[in-house]
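A quick write-up on the structure given underneath.
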Amino acid sequence: MTVVDRSQSRPRNWDNDYELTDSEKRFVAQHIYVAIAALFVGSLFGPLQAFEFSGVDFYQYIEPVIKSYYQGLTLHGVLNALVWTTFFIVGFTNLTTMKGLGRPLSHPHINRIGFWVMVVGLLTTAFPILANSATVLYTFYPPLQASWAFYLGLTLVVVGSWIEGLGFYLTLHAWRKENRGTRSPFIALGGIINAAMWQIATLGIAVEVLTMLLPWSLGITDATDPELARTYFWFTGHPLVYFWLLPAYVSWYGMLPKQVGGKLFSDSLARLAFWMFLIVSVPVGFHHQFTDPGVPQTWKFIHALLTYAVFFPSMITAFTVIASLEYAGRKRGGTGLVGWIRTLPWDDPSVTAQLLGAILFMFGGIGGLTNASYNLNLVIHNTAWVPGHFHLTVATAVTLTFMGVTYWMIPHLTGKALWGRRVALFQTWTWFVGMIIFSNAMHMLGLLGAPRRTPLGKALYVPESWDGHLMRVSIGGAILLVSVLTYVYIMVRTIAGPKVEKALVPAVPVAQPLRPSQQTPLWLDRFKPWLIGAGVLLVIAYGPQLVDQIFNMNLNAPGSDIDLW
Ligand code: HAS
């Protein structure tokens with residue numbers, strides 16, 4: 001009898017030679033172009049706020065267009081935190097789904113519809129923000145009230161991303177029918193798990209907008225309940241940060257090892273981390289509401305514990321990604337405890353951007369744990385510490401990784417060579433240095449009690465001990481402005497450059513796992529048990545408190561505007 005060792009067989013499609021067609025590449029690129037345009041415009045306002053901290057008020061010069069610090073802050077937050085990320089992620093997931101599975105989308109028209117719904121949503125959101133009728137910041141809590149068009153537009157962006165998500169599931173389903181018994185390729189599965197987590201997470205914001213914010217902004221209801229609205233918001237708001245993070249993890253686990261000449265250390269651990277995120281990303285929202293009087297201590301405590309659980313998949317990631325890098329570094333001749341780090345290809349801007357992003361994420365992650373500790377949270381909540389934290393996470397770990405990914409992806413999609421490799425290296429290092437200066441100063445200011453979302457340069461209560469830190473915020477902001485302008489310039493020059501011969505165009509880097517992925521247990525390749533787990537935990541962690549808040553709804557807050565400076 002012949003025994004076939006299936007575990008050793010080379011899984012079909014894991015290392016496929018599928019090349020996206022020109023039209024597929026154009027479709028992915030459209031997402032990334034919108035994302036880069038949003039990053040560009042949004043980033044112009046970030047430094048204006050940073051300069052405001054040291055008393056330099058550029059807003060006075062653009063007052064005919066942008067009426068206040070808060071309108072600028074809304075543009076910055078919405079464009080950078082919501083639009084740059086969402087368009088990039090959905091575009092990137094199209095690429096990882098097709099390349100990972102080695103086949104075209106099963107229903108490409110679904111994804112095209114989704115994309116255009118997102119674009120219409122973006123335009124619908126942009127008009128009221130530019131008209132200063134949606135100066136509500138990116139968290140848009142009531143009682144601050146925006147024009148109905150703002151809420152409708154953001155809803156369309158989310159609905160568009162759901163529609164594209166449907167396209168991804170259908171494609172995975174089709175692939176599974178064609179490849180029975182084969183483990184799903186990691187870069188595709190990781191992106192699709194993220195899409196599923198996003199669909200569960202955004203139920204909160206969907207209910208908030210449809211039942212509260214839209215009727216209220218349309219004048220159908222006179223007042224609203226800010227506490228319930230905040231609960232719905234954070235139901236979506238915390239998993240939103242993992243929606244941003246997981247595509248960066250897809251690249252760190254599934255692509256970066258190939259870029260540095262190595263392999264993915266453990267396919268099983270990579271999948272386990274993603275499934276854990278599916279389960280524990282959502283039921284943690286009350287850690288943003290530790291100071292809300294309407295949420296009982298017990299639920300805050302439960303969400304604090306679950307927040308510590310969501311720390312674990314990131315620790316698994318730190319271990320696995322560093323192990324993958326070390327494997328590559330030693331293969332490249334590196335020796336000693338840390339000597340292998342030096343041998344990594346630091347001259348490749350795509351690699352350097354991702355490594356620097358990951359290094360700063362260690363500090364952002366530790367700050368996250370500080371935030372999650374109830375008594376420490378009372379010290380830092382609503383202070384400058386919080387933007388310090390999220391500039392290390394979403395604005396560095398995620399954004400710098402996405403920038404690094406575009407350094408191979410835009411050439412791949414356009415058939416052009418990356419313009420200015422050395423300039424790109426300069427860009428990644430300036431982002432790293434600028435962000436260290438900026439976010440360290442913000443953390444320090446937070447510990448000294450400086451409030452967030454405040455043009456501190458104009459505040460009358462600023463003690464002298466803050467001055468040096470305020471200045472460092474401005475210096476960091478200036479370096480970041482140079483860095484982001486350099487990034488956009490590189491992208492424009494690359495896109496406008498001539499086509500080069502195919503051999504010079506980078507391929508999609510897909511890392512092989514150290515052990516064949518067929519050895520990964522089947523339960524790490526199935527959605528069902530994890531989706532059931534996510535649903536059950538969600539009902540336990542949110543159900544009773546949500547029911548209580550809905551039945552005791554207190555519609556007592558009429559809408560208000562931010563006071564203009
Ligand atoms: Fe957070 C507030 C807790 C992660 C973003 N967070 C925010 C806000 C944002 C945000 C935007 O508990 C502000 C919201 C607002 O406007 O009010 N956060 C956490 C915790 C984590 C965490 C426990 N946050 C993130 C990520 C974000 C993000 C990721 C964006 C992408 N956060 C909080 C809390 C608050 C909060 C409270 C509310 C604060 C308040 O009171 O308002 C954890 O998930 C972090 C775990 C991460 C780690 C790091 C692992 C390190 C890795 C890197 C390995 C290094 C390598 C490089 C591979 C433990 C994986 C090696 C390189 C070589 C060269 C060798």
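Numbering of ligands and ligand atoms starts at 1, following listing order.
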Could you check which of Gly365, Pro387, Ala273, Gly367 puts a non-hydrogen atom nearest to atom 45 (C) of ligand 1?
-> Gly365
Listed once per pair and sorted, the side-chain hydrogen bond (donor to acceptor under 3.5 Å, both in side chains) pairs that draw on residues 430-439, sequence neighbours left out = Thr430-Ser483
Atom 56 (C) of ligand 1: the protein heavy-atom neighbour that sits closest, reported with distance to 0.1 Å = Ala358 CB, 3.5 Å
What part of Tyr138, side chain, backbone, both or neither, has a heavy atom within less than 4.0 angstrom of ligand 1?
-> side chain
Verify whether the ring centers belonging to Phe233 and Phe140 lie closer than 6.0 Å.
-> yes
Scan side-chain atoms only and decide if Thr401 and Gln354 contain a donor-acceptor pair under the 3.5 Å cut-off.
-> no
Any side-chain donor near an acceptor of the partner, Glu208 and Tyr141, under 3.5 Å | no
Numbered in order shown, the ligand 1 atoms found under 4.0 Å of a heavy atom of Ala318 are 52 (C), 54 (C), 60 (C)
Provide the number and element of each atom of ligand 1 under 4.0 Å from a heavy atom of Ile322.
-> 56 (C), 58 (C), 61 (C)
State, without any angle test, whether Ser314 and Tyr249 hold a side-chain donor-acceptor pair at a distance under 3.5 Å.
-> yes
Which of the atoms of ligand 1 are close to Val394, meaning less than 4.0 Å from one of its heavy atoms?
-> 30 (C), 31 (C)
Quick note on ligand 1: atoms under 4.0 Å from a heavy atom of Leu245 include exactly 29 (C)
Kindly confirm or rule out an N or O of Tyr242 lying under 3.5 angstrom from an N or O of ligand 1.
-> yes
Aromatic centroids of His391 and Phe438 separated by under 6.0 Å | yes
Measure the distances from the heavy atoms of Trp385 to every atom of ligand 1 and state whether one is below 4.0 angstrom.
-> no
Hey, can you tell me if Tyr542 and His303 have their rings parallel, tilted or perpendicular (30° and 60° cut-offs)?
-> perpendicular
Taking distance alone, with no angle check, do Ala372 and ligand 1 share an N/O pair under 3.5 Å?
-> yes
Hey, can you tell me if Trp466 and Tyr461 have their rings parallel, tilted or perpendicular (30° and 60° cut-offs)?
-> perpendicular
Taking non-hydrogen atoms only, is Arg452 closer than 4.0 angstrom to ligand 1 via side chain, backbone, both or neither?
-> side chain
No-hydrogen, no-angle side-chain donor-acceptor test under 3.5 Å, Tyr487 and Thr428 = no
Between Ser350 (side chain) and Gly404 (backbone), is there a donor-acceptor pair under 3.5 Å?
-> yes
At a non-hydrogen distance cut-off of under 4.0 Å, which region of Phe361 contacts ligand 1 (side chain, backbone, both, or neither)?
-> both
Contact partition for Val398 relative to ligand 1, non-hydrogen atoms under 4.0 Å = side chain
Within reach of ligand 1, part of Val241 (heavy-atom separation under 4.0 Å) = both
Has ligand 1 got any nitrogen or oxygen that is less than 3.5 angstrom from a nitrogen or oxygen of Thr307?
-> no
Within the 4.0 Å heavy-atom cut-off, what Phe243 brings close to ligand 1 is neither
Counting each atom of ligand 1 from 1 as listed, which ones have a heavy atom of Met315 under 4.0 Å away?
-> 59 (C)
Region of Phe319 engaging ligand 1 - heavy atom pairs below 4.0 Å | neither
Classify the side-chain pair Gln145/Ser217 by whether it contains a donor and acceptor separated by less than 3.5 Å.
-> no
Before accepting this row, confirm whether a basic side-chain N of the pair Arg515/Asp267 lies closer than 4.0 Å to the acidic partner's carboxylate O.
-> no
Distance flag, aromatic centroids of Tyr253 and Phe186, threshold under 6.0 Å | yes
In terms of ring plane angle, is the pair Phe243 and Trp198 parallel, tilted or perpendicular, where the classes change at 30° and 60°?
-> parallel
N or O contact, His238 vs ligand 1, cut-off under 3.5 Å | no
Heavy-atom nearest neighbour in the protein, as seen from atom 41 (O) of ligand 1, with distance rounded to 0.1 Å | His381 ND1, 2.6 Å
Heavy-atom contacts with Val321 under 4.0 Å: which atoms of ligand 1 show up? List them by number with element.
-> 58 (C)
Mutual orientation of the aromatic rings belonging to Phe88 and Trp84 [parallel < 30°, tilted 30-60°, perpendicular > 60°] = tilted
Output the list of atoms in ligand 1 that are nearer than 4.0 Å to some heavy atom of Trp234, sorted by atom number.
-> 14 (C), 15 (C), 17 (O)
For Tyr249, the ligand 1 atoms with a heavy-atom partner under 4.0 Å come out as 60 (C)
Just give me the atom name: the N, O or S atom of His389 closest to atom 1 (Fe) of ligand 1.
-> NE2
Do any nitrogen or oxygen atoms of Asn377 lie less than 3.5 angstrom from nitrogen or oxygen atoms of ligand 1?
-> yes
Is Trp340 near ligand 1, meaning one of its heavy atoms is under 4.0 Å from it?
-> yes
Atom 19 (C) of ligand 1: of Ala304, Gly368, Gly237, the nearest heavy atom sits on Gly368
Using distance alone, decide if ligand 1 has a nitrogen or oxygen within less than 3.5 Å of any nitrogen or oxygen in His288.
-> no
Measure up the Phe87 and His31 rings against each other and bin them: parallel (under 30°), tilted (30 to 60°), perpendicular (over 60°).
-> tilted
